[in-house]
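Just below is one structure, and these are the notes that go with it.
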Amino acid sequence: MPYRLSTLFLRTLREDPADAEVDSHKLLVRAGYIRRAGPGIWSWLPLGLMVKNKIEKIVREEMAAAGSQEVHFPGLLPKEPYEATGRWEEYGDNIFRLKDRKDADYLLAPTHEEVFTLLVKDLYTSYKDLPLSIYQIQLKYRDEARPRAGLLRGREFIMKDAYSFDISDEGLEVSYQAQRDAYERIFKRLGLDYVIVKADAGAMGGSKSEEFLCPAPIGEDTFVRSSGGFAANVEAIRFEVAQEQDASKTPAAEIHESPKTPTIATLVDFSNQNHPRKGGQWTAADTLKNVVLALVSPEGKRSLAIVGIPGDREVDQKRAEAWFSPNDVEQATEEDFSKHPQLVKGYIGPTKSGSQFLGEKSASKIPYFLDPRVAKGSSWITGANEDEKHVWHLTYGRDFSSDGIADIAEVVAGDPAPDGSGPLELARGIEIGHVFQLGRKYAEALDLKVLDENGKLVTVTMGSYGIGVTRLVAVIAEQSHDEKGLIWPEAVAPAQIHIIAAGKEESVFEAAEALAGEAEEMGFDVMLDDRKVSPGIKFADAELLGMPWVIVCGRGLEGGEVELWDRASGERLTVKLESALAEITSRRK
RNA sequence: CGGGAUGUAGCGCAACUUGGUAGCGCACCUGUUUUGGGUACAGGGGGUUGCAGGUUCAAAUCCUGUCAUCCCGACCA
């Protein structure tokens, strides 16, 4: 039976909801697909559910093809497994916690690595049982500080999460690739435009990780890509250390008074006025800015680190967090400075009076790292660690050393890709999938071991693979709409064909009804607008709801003709009633 | 957590400055009308104005507190 608009549980809105900012959010609410139940919590109306179910079906088909078996865990879980891996604490306020009548702690699962691992431990004990890949499509709960943009970041959302269990690293690589391939097929079938980027693997203790991002200005992730095919999340990009330069002609380092030059801009001006160089003005790129960071360890221990970066760059907070993970990174406070009176704010540099000053083995004992762009043999204008004094021609490798690199400077459009594949462009994206080689972190924490062929216990290695199913609904809507409404790809549209009875004569309704029956026999899902309302309302709603094909049965019917709309291209043509469905079949992609 | 904004009917908004017990459009119900781009007219139902306290003869409106939501940032397998 077709879905009849005369009885469908649906009310479309003429105006955008006032609290919606993002197109997918506005349209999904206006077109009656979802309804807000609370902050970041959504109810699904029939149309929304149809789309979500079709996405899930595609995911299930491709998971099966990839050899993954579906299971289902509870959303309500006891805290013990999460204590074992430390995440009961680590997740902090992001977990919804609750207590039962005996005052025992429970949580609404934000993710399921622990219980998947424990279930496998429960049942399997031999290498012969592996490899294994299992997944579920489940609700996740995260008490996000700021839910936003409708379905894009909710506090309750559906995720497909899959986990692989292997005996060897080579096996993990195979399992990882199988999931990655499945993701590519899924997103292609959904008609999505996406990029695969290198992701930061540090936080989860794993070795390799990639994200699937849909480019969109409203995206929350920033990524870079080059024309030559390099792509990475900005948090994950790592630059090569710059090649050593010839410093044989570099003048010796000179310390000079530099009154009132606590910032890079004032220092550059001062240099050009008082110490001009041949062959061009000094610029910010000739200065070495030494940024004082406070690192906070997971145990809460606070220590300082200083990073030297070219003066024309800023520290990227997210990249710094990723680099120094698991430590948190904060700006050094006045209090931090007061504990280190030898640091002269605005005039910090790697050396003092000609000898090394920063670094673990130096006088200050403060670790000192350098941006990878700081090449051996390059020379810099930088602080002299005395009030209102800087040093010129200070040369890395000749005059000072470091404790290593810290690749935490902001990435700027036009920076060369680390693999030499061209200049980078910056873009924003929405994360729709993440594949991750977890390695043995969870297996170790939860003691998941199996006997190998020699009868020895070995720790299993794992991968985890996630797709945000409800987020996909929003992302598809975001990528595929116009000012009139949604435009679903055929694979996920509630119905492929939307038939409008435009007129009041009985014959129009009969023809539309007959056509709907015929379309269903051909295997189409059909939306039939059999309401007794004026055609204008039906046209507007058809465009808002977004089925890919619209057939209008109306005034052309006397001549045996109907109108066929291609919602995506906007093309409209008049065709014979009896050839309308064949026309759609021949035009389908 | 920091900054900004907003809470009045299912949705979008007005009334608040200058207190007098709530109104418009959409949606909904009834009737007539209209039927290829949200028809027109008439009638109607629906709101303890986020919550609590205070001032006052009288509070959507003034005062205090509180809660919530949205946006930007911080945070976020």
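The structure displayed is predicted, hence computed values, not measured ones. Sequence lines set the chain letters: A, B, ... in the order given, protein chains first and strands last, and positions in each chain run from 1.
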Discussion item. On RNA chain B, compare the nucleotides closest to A:K160 and A:R36; which residue's is nearer the 5' end?
Written reply: A:R36
Item to complete: May I ask you to verify if any side-chain N or O of A:R11 is less than 4.0 angstrom from the OP1 or OP2 atom of B:C11?
Response: no
Worksheet item: Picking from A:Q437, A:K208, A:E210, what satisfies side chain to side chain donor-acceptor pair (under 3.5 Å) with A:Y176?
Response: A:E210
Item to complete: For nucleotides B:C26 and B:U39, find the distance between their C1' atoms and express it as a whole number of Å.
Response: 15 Å
Discussion item. Counting C-beta onward and ignoring hydrogens, is there a side-chain heavy-atom pair between A:Q496 and A:M527 closer than 4.5 Å?
Written reply: no
Item to complete: Using atom CD of A:E561 as one end and atom C1' of B:G36 as the other, report the distance to the nearest whole Å.
Response: 15 Å
Item to complete: Using the C1' atoms only, state how far B:U8 lies from B:C1, rounded to an integer number of Å.
Response: 31 Å
Worksheet item: Is the A:F116 ring parallel, tilted or perpendicular to the A:H112 ring (thresholds 30°, 60°)?
Response: perpendicular
Discussion item. Would you say A:S534 places a side-chain N or O within less than 4.0 Å of OP1 or OP2 belonging to B:U34?
Written reply: no
Worksheet item: What is the distance, rounded to the nearest whole Å, between atom CG of A:L13 and atom C1' of B:C11?
Response: 6 Å
Item to complete: With heavy atoms under 4.0 Å as the rule, sort A:A18 into base, sugar-phosphate or nothing.
Response: sugar-phosphate
Response to the item:
Of B:G37, B:C76, B:G25, the nucleotide closest to the side chain of A:E15 is B:G25
Response to the item:
Stems in RNA chain B, runs of 3 or more consecutive Watson-Crick or G-U wobble pairs with both distances under 3.5 Å, sorted by first number, are B:1-7 with B:67-73, B:10-13 with B:23-26, B:28-32 with B:40-44, B:50-54 with B:62-66
Practice prompt. Please work out whether the ring planes of A:Y141 and A:F96 are parallel, tilted or perpendicular, with thresholds of 30° and 60°.
Written response: perpendicular
Worksheet item: Touch check for A:E563, heavy atoms < 4.0 angstrom, all strands: base, sugar-phosphate only, or nothing?
Response: base
Worksheet item: Are the side chain of A:Y183 and the backbone of A:Y465 linked by a donor-acceptor contact shorter than 3.5 Å?
Response: yes
Practice prompt. Among A:K538, A:R30, A:R567, A:K484, find the one that has a salt bridge (Lys or Arg N to Asp or Glu O under 4.0 Å) with A:E543.
Written response: A:K484
Worksheet item: In whole angstroms, how far is the C1' atom of B:C76 from the OH atom of A:Y141?
Response: 19 Å
Practice prompt. Determine the interatomic distance between P on B:C70 and the same-named atom on B:U56; round to the nearest Å.
Written response: 38 Å
Item to complete: Quick one: label A:G554 by what it contacts on the DNA or RNA (base, sugar-phosphate, nothing), any heavy atom closer than 4.0 Å.
Response: base
Worksheet item: Going through the distances and angles, do A:F212 and A:F187 end up as a ring pair (Phe, Tyr, Trp, His ring centres under 6.0 Å)?
Response: CA-CA 9 Å; A:F212 291 73; A:F187 297 139; 5.4 Å; yes
Practice prompt. Scan A:V29 against the nucleic acid and name what it touches under 4.0 Å (heavy atoms): base, sugar-phosphate only, or nothing.
Written response: nothing
Item to complete: Ignoring the backbone of A:V552, work out which of B:C71, B:G37, B:G36 is nearest its side chain.
Response: B:G36
Item to complete: Scan A:A109 against the nucleic acid and name what it touches under 4.0 Å (heavy atoms): base, sugar-phosphate only, or nothing.
Response: nothing
Response to the item:
With A:D161 as partner, the option from A:Q138, A:K140, A:H434 fulfilling side chain to side chain donor-acceptor pair (under 3.5 Å) is A:K140
Item to complete: Could you give the distance separating B:U6 and B:U49 at their C1' atoms, to the nearest angstrom?
Response: 14 Å
Worksheet item: NA contact type, A:E211, heavy-atom cut-off 4.0 Å: base, sugar-phosphate, or nothing?
Response: nothing
Item to complete: Just call it for A:R572: base, sugar-phosphate, or nothing, with non-hydrogen atoms closer than 4.0 Å on any strand.
Response: base
Worksheet, complete the sentence: Closest to the side chain of A:F539, out of B:C71, B:G37, B:U35, is B:G37
Item to complete: Mind calculating the distance between CZ (A:R531) and P (B:C28) to the nearest angstrom?
Response: 9 Å
Worksheet item: When we call it a touch if two heavy atoms are under 4.0 Å apart, what does A:D541 touch: a base, just sugar-phosphate, or nothing?
Response: base
Worksheet, complete the sentence: note: A:R153, atom CZ; B:A74, atom C1'; distance rounded to Å ~ 13 Å
Worksheet item: Relative to the 5' end of RNA chain B, which residue comes earlier, A:P535 or A:G466, by the nucleotide with the nearest heavy atom?
Response: A:P535
Worksheet entry | Whole-Å P distance, B:C67 and B:C51 | 15 Å
Worksheet item: With rounding to whole Å, what would you report as the distance between B:G10 and B:G20 at their C1' atoms?
Response: 30 Å
Worksheet entry | Separation between the C1' atoms of B:C29 and B:G45, rounded to whole Å | 7 Å
Worksheet item: How about A:L45 and A:I34: do any of their side-chain heavy atoms sit closer than 4.5 Å?
Response: no
Discussion item. In whole Å, I'd like the distance from the CD1 atom of A:I537 to the P atom of B:G37.
Written reply: 12 Å
Worksheet item: Please give, in whole Å, the distance from B:C28 P to A:R14 CZ?
Response: 10 Å
Discussion item. I'd like to know if A:E543 reaches the base of B:G38 with its side chain such that a donor and an acceptor end up less than 3.5 angstrom apart.
Written reply: no
Item to complete: With P as the reference atom in both, quote the distance from B:G37 to B:G31 in angstrom, rounded to an integer.
Response: 26 Å
Worksheet item: For the pair made of CZ in A:R35 and C1' in B:U69, what is the distance, rounded to whole Å?
Response: 15 Å
Item to complete: Classify the angle between the aromatic ring planes of A:W42 and A:H25 as parallel (below 30°), tilted (30 to 60°) or perpendicular (above 60°).
Response: perpendicular
